[in-house]
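Just below is one structure, and these are the notes that go with it.
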Amino acid sequence: MAEEPNRRQYDAAAAQTKWQAYWADHSTFRPLDDGSKPRRYVLDMFPYPSGDLHMGHAEAFVMGDVIARYWKLCGYDVLHPIGWDSFGLPAENAAIKNNAHPADWTYANIDTQARSLHRYGLSFDWSRRLHTSDPEYYRWTQWLFLQFYRRGLAYRKASYVNWCPKDQTVLANEQVVQGVCERCGTTVTKRQLTQWYFRITDYAQRLLDDMTALEGQWPDRVLAMQRNWIGRSTGATVRFTVPGRTEPITVFTTRPDTLFGATFMVVAPDADLAQELVTDDQRAEFEAYLERTKQATEIERQSTERPKTGVFLGRYAINPVNGDSIPIWAADYVLAEYGTGAIMAVPAHDQRDLDFARAFDLPVTMVIDTGEGDPAQTGVATAGDGVYVNSGLLDGLANKAEGIARINAQLAADEVGEPTVTFRLRDWLLSRQRFWGCPIPVIHCPEHGAVPVPEDQLPVELPDLRGAALAPQGTSPLAAATDWVNVPCPICGRPSQRDADTMDTFVDSSWYFYRYCSPQDEKAAFDPAEVAKWMPVDQYVGGVEHAILHLLYSRFFTKVLFDLGLIDFQEPFQRLLNQGQVINQGKAMSKSLGNGVDLGAQIDEFGVDAVRLTMVFAGPPEDDIDWADVSAAATVRFLQRAYRLAADVTSEVGADPATGDQAVRRVTHRIMGEITDLLEIRRFNVVVARLMELVNATRKAIDTGVGPADPAVREAAEFTAIGLSLVAPYVAEEMWQELGQPPSIADTTWPTIDPQLRAAEAATMVVQVQGKIRAKLTVPADITDADAEAMALADENVQRALDGRAVAKVIVRAPKMVSIVPAK
RNA sequence: GCCGGAGUGGUGGAAUUGGUAGACACGCGAGAUUUAGGUUCUCGUGCUCGCAAGGGCGUGCAGGUUCAAGUCCUGUCUCCGGCACCA
């Protein structure tokens, strides 16, 4: 049945079209940038342009939008920009398939997403839009790379790297998840390659230390994950002399106090050290073992259940504390990349060492008696506290900290070791053998080696390759583009080659939030003066999937920019909000499960406001939303109810609410006060619940109370519209217009709450006798303690509960509660 | 194993500093409107005993502190997320 035009109904589709145009025409969400207001920067993690927006985007963006719109109403000059992280593999794969250029697919998808973002009613400043794949952007990614290079923070190194056989490219450590490629799920293998790295390990301690400032501002789990990833561990380095070798072997241990129990050593088979130590007699066996190790996938290698394997290298080392000669083995349970790639094995007190000792019949010496039995017999290594035995200077001691201190002192005195800190974090491998990324601005000259491209020749633009020319070959497609690759050396002019790899796309996204501050700058990556005005970011919003990669890299970049003197702060994001996922029927949406929910279809059916409001109301922002558990249809009904309040108000614009009904005002101010508090602590779902209460209360006031002409009802309806504008901006604009107010509601101000009105609502007072509630009395909000007590004792239910007993004690918390303790 | 988080009705979830457990919704039930279905509106809805008035129980489990515990303390179980042969 066709609806007649009705001012008591709002038409979601028409409102969307109308207000999108209005906001664009009036630059409603472009910051004034004139210094007249305090500034705030709200940043959403920028999307990757793979197809249209999905439900997950919708949830993330609405959370950021609530904050941005709230701050704008509170009188801040809000920067809320948007752009695209537009380099990356899917574009390249699409180009190969369609015999096209990756840019075709990329920019077409960006257009699609941009239209959807407009429709979704987000308060973005579109004038600052950027794409990381634009030469105007990646020119400065290259420039930043060169600054890192000059500071010695970008370097080339040959080593075994993670290799994805499907994508035919190397991966950063952070991109290998449980032994498989984070992107395509293929099992990752190892390859020896010479690649570019960023020296993020130099910043490990600072990255760790500065997290204390983020405590309470970032989710605990993100901080925990980063700490975990950085993996600081304290211990000692100990040098073991090796007969027949000038250099000692250095190991790292967290338990130097167990040194007397070190009965053998183990080196990583793929470390250079193993190659060098192995005797000729053992070489054949070692080489065979090394080959097997290299072929083992990460998954096999990481399996804890896997039996220990290894090979004796034919050499011995001297235990520096007791002079014992101990054999040196190679085994793949020792990692070449961690510590020094060699360990002292203490089988009695480390389960891995004990498993190895038992497998190869090596001696086990208990040096800490924990009373749990000798590990050599039980097969269970003991790691707890106990009394030192067989430990020379430590014998009899029962304190681990003291034991470590004493042995460290001894090692220092003998000049064979010292306290040391080691990190799990490894340098960031940034080369990728792919086309659709930022070219590394380096030219390899036979004479001068790696030569930076002069800054005035940036950007090094990508050549026009398409289709099959982009197919994975194990080397970068750029290497085959001879016209592009072959260039003269910038120093000597000799025939040289460009570096044919591109950068990890996480480099692009590690600084985009700086670019937003001066997006059209042609002279610099960013204008330090603009950055000083807006940054650091006040609120960052995005998925927890970036808890380590993107956020750690961005923090690293920020510290380097600080060291370069370009900025004066060391953390880029002051507050972080991780919104949850949108799932359906208990599971992540996926094609194979057939449980996908299409955002566009939801919007077509319910309207943008209802979809946004449903997302916000579903639960706390960090929680996952199961779309099967929520009802967008119910939200549509609520929005219509809210709209009808505005349509019903009959008082004049500007009618003084002070002349209106005070009971209505008390409810309005109490609820809006609560909403303000809830916004500060980001409980947006409860904000919506309170708005529903306000709508219900105002409805009642109109229908069965003071009626639509009371100025207090106008105030309630206006406050409702303003509160609603954060979440459901289109219906809020319609309400605002219906109330006779000039557009846009986004240009009004957040209501001032009258604290007296807020506090003055009548309260329900609970009376407890012996801790049990015996009465609920309605009392004035300003009741005195004495009156409250008297009222409580006068209540007949209370008297019945007292049952004639005398009152021993009364605790009064007027106007909420009176607690009576009877005498025994 | 280590680190982080969470356990509240049939469901999603509320509950600043200890002070009415279950706000607000969904769902469900009853009624009104409607030719019917849907919509809309009203009332009810933690469990339990009771015709009722009014009791008893109740925030994973077991203790404790307190006039008062979802909230604090001790122990314990379960689930989710991250890391993990990291020396």
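In this text the structure is predicted, and so the values were computed from the model without any measurement. Each chain gets a letter, A, B and so on, in the order its sequence line appears, and its residues count up from 1.
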It should be established whether A/Arg221 places a side-chain nitrogen or oxygen under 4.0 Å from OP1 or OP2 of nucleotide B/A6.
no
Would you say a side-chain N or O of A/Arg683 is under 4.0 Å from OP1 or OP2 of B/A15?
yes
With sugar-phosphate meaning primed atoms plus P, OP1 and OP2, does [X] contact a base, only sugar-phosphate, or nothing at under 4.0 Å between heavy atoms?
X	value
A/Asn228	base
A/Pro219	nothing
A/Thr764	base
A/Asp623	sugar-phosphate

Could you please name the partner base of [N], counting Watson-Crick and G-U wobble pairs only when both distances are under 3.5 Å?
N	result
B/U78	B/A6
B/G63	B/C73
B/C47	B/G56
B/G18	none
B/A36	none
B/C85	none
B/U11	B/A25
B/U42	B/A30

Taking the same atom, [atom1], in [N] and in [M], what whole-Å distance lies between them?
N	M	atom1	value
B/C28	B/G75	P	45 Å
B/G70	B/G38	C1'	41 Å
B/U74	B/A25	P	39 Å
B/G13	B/G60	P	15 Å
B/U8	B/G46	C1'	10 Å
B/U78	B/G10	P	23 Å
B/G12	B/A6	C1'	16 Å
B/G55	B/G1	P	50 Å

Going by an N to O cut-off under 4.0 Å, is there a salt bridge joining [X] and [Y]?
X	Y	answer
A/Glu674	A/Arg670	yes
A/Asp677	A/Arg690	no
A/Arg575	A/Glu680	no
A/Arg805	A/Asp803	no

For the pair made of [atom1] in [X] and [atom2] in [N], what is the distance, rounded to whole Å?
X	N	atom1	atom2	value
A/Tyr333	B/C85	OH	C1'	8 Å
A/Ile681	B/A14	CD1	C1'	12 Å
A/Met225	B/A84	CE	C1'	15 Å
A/Glu622	B/G13	CD	C1'	13 Å
A/Lys772	B/C57	NZ	C1'	9 Å
A/Trp329	B/C85	CH2	C1'	17 Å
A/Leu691	B/A14	CG	P	16 Å
A/Ile773	B/G55	CD1	C1'	14 Å

Please tell me which of A/Asn797 and A/Val818 maps to the more 5' nucleotide of RNA chain B, matching each residue to the nucleotide holding its nearest heavy atom.
A/Val818
Go nucleotide by nucleotide along RNA chain B from the 5' end; which of A/Arg774 and A/Lys816 gets its closest nucleotide reached first?
A/Lys816
Does B/G9 adopt a syn or an anti glycosidic conformation, taking syn as a chi angle within 90° of 0?
syn
Can you pull every protein N or O that's under 3.5 Å from an N or O on nucleotides 62-69 of chain B?
| residue | atom | partner | partner atom | Å |
| --- | --- | --- | --- | --- |
| B/C67 | O2 | A/Ser819 | OG | 2.5 |

From A/Phe240 atom CZ to A/Leu259 atom CG, the distance as rounded to the nearest 0.5 Å:
5.0 Å
Gap separating the NE2 atom of A/His349 from the OG1 atom of A/Thr365, nearest 0.5 angstrom
9.0 Å
Using the benzene-type ring in the case of Trp, are the ring centres of A/Phe264 and A/Phe356 under 6.0 Å apart?
yes
Quick one about A/Arg641 and A/Asn696 (side-chain donor to acceptor, distance below 3.5 Å, no hydrogens or angles considered), yes or no?
yes
Side-chain donor-acceptor pair present, A/Gln602, A/Trp627, cut-off under 3.5 Å
yes
Enclosure of A/Glu215 CD (heavy-atom neighbours >12, cutoff 6.0 Å):
yes
Using every non-hydrogen atom in the two residues, find where A/Thr635 and A/Ala610 come nearest and quote the distance to one decimal.
CG2-O, 3.7 Å
Relative to the ring of A/His546, is the ring of A/Phe506 parallel (under 30°), tilted (30 to 60°) or perpendicular (over 60°)?
perpendicular
Between protein and nucleotides 23-29 of chain B, what N or O pairs are separated by less than 3.5 Å?
| residue | atom | partner | partner atom | Å |
| --- | --- | --- | --- | --- |
| B/A23 | O2' | A/Glu693 | OE2 | 3.4 |
| B/A25 | OP1 | A/Asn696 | ND2 | 2.6 |

